[in-house]
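For reference, the structure discussed in these notes is given below.
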Amino acid sequence: MAGIVYSPATLRPVPGEHGERLTLVAYGDPRLRWTLACREVVTLHGCTAVDLEDLTGQTAA
């Protein structure tokens with residue numbers, strides 16, 4: 001997920017490595033509990049892109 005990470009000691013936002021406002025935090029990361037989520041980051045692997053127009057002939061009417 002991406003969000004604003006807060007310091008448990010000061011409760012202030014922790015700046016990102018390169019000054020970014022949002023930090024990418026993995027679900028197993030201990031900082032997760034101190035992160036205010038702004039968006040979820042999802043990656044798909046092993047998928048095939050298809051044209052939805054090609055699927056219209058395969059659906060039941």
Side-chain angles (χ1 to χ4, degrees):
M1 92 169 55
I4 301 170
V5 178
Y6 287 84
S7 166
T10 64
L11 302 180
R12 294 179 188 251
V14 177
E17 288 183 25
H18 304 287
E20 301 94 351
R21 182 163 160 78
L22 300 181
T23 301
L24 296 179
V25 180
Y27 284 107
D29 192 313
R31 298 175 299 166
L32 183 63
R33 65 189 320 187
W34 295 100
T35 304
L36 178 61
C38 293
R39 67 176 185 258
E40 182 178 17
V41 179
V42 177
T43 303
L44 301 175
H45 299 276
C47 299
T48 303
V50 297
D51 185 350
L52 295 180
E53 294 295 323
D54 295 341
L55 298 178
T56 57
Q58 297 177 12
T59 59

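Along the sequence shown, the residues carry numbers beginning at 1.
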Review item, side-chain donor-acceptor pairs of residues 42-52, under 3.5 Å, at least two apart:
residue : atom : partner : partner atom : Å
D51     : OD1  : E53     : N            : 3.1

Heavy atoms, side chains only, cut-off 4.5 Å: are L22 and I4 in contact? yes
So do L32 and M1 actually touch side chain to side chain, heavy atoms under 4.5 Å? yes
Which atoms form the tightest heavy-atom contact between A2 and L24, and what is the distance? CB-CD2, 3.7 Å
Smallest separation among heavy atoms of Y6 and L36, with atom names: CE1-CB, 4.0 Å
Listed by chain and number, what are the salt bridge (Lys or Arg N to Asp or Glu O under 4.0 Å) partners of R21, not counting sequence neighbours? none
What residue pairs, at least two apart or across chains, pass side-chain hydrogen bond (donor to acceptor under 3.5 Å, both in side chains) with a residue in residues 25-42? Y27-E40, D29-R31
For E17, does the CD atom sit with more than 12 other heavy atoms under 6.0 Å from it, leaving out its own atoms? no
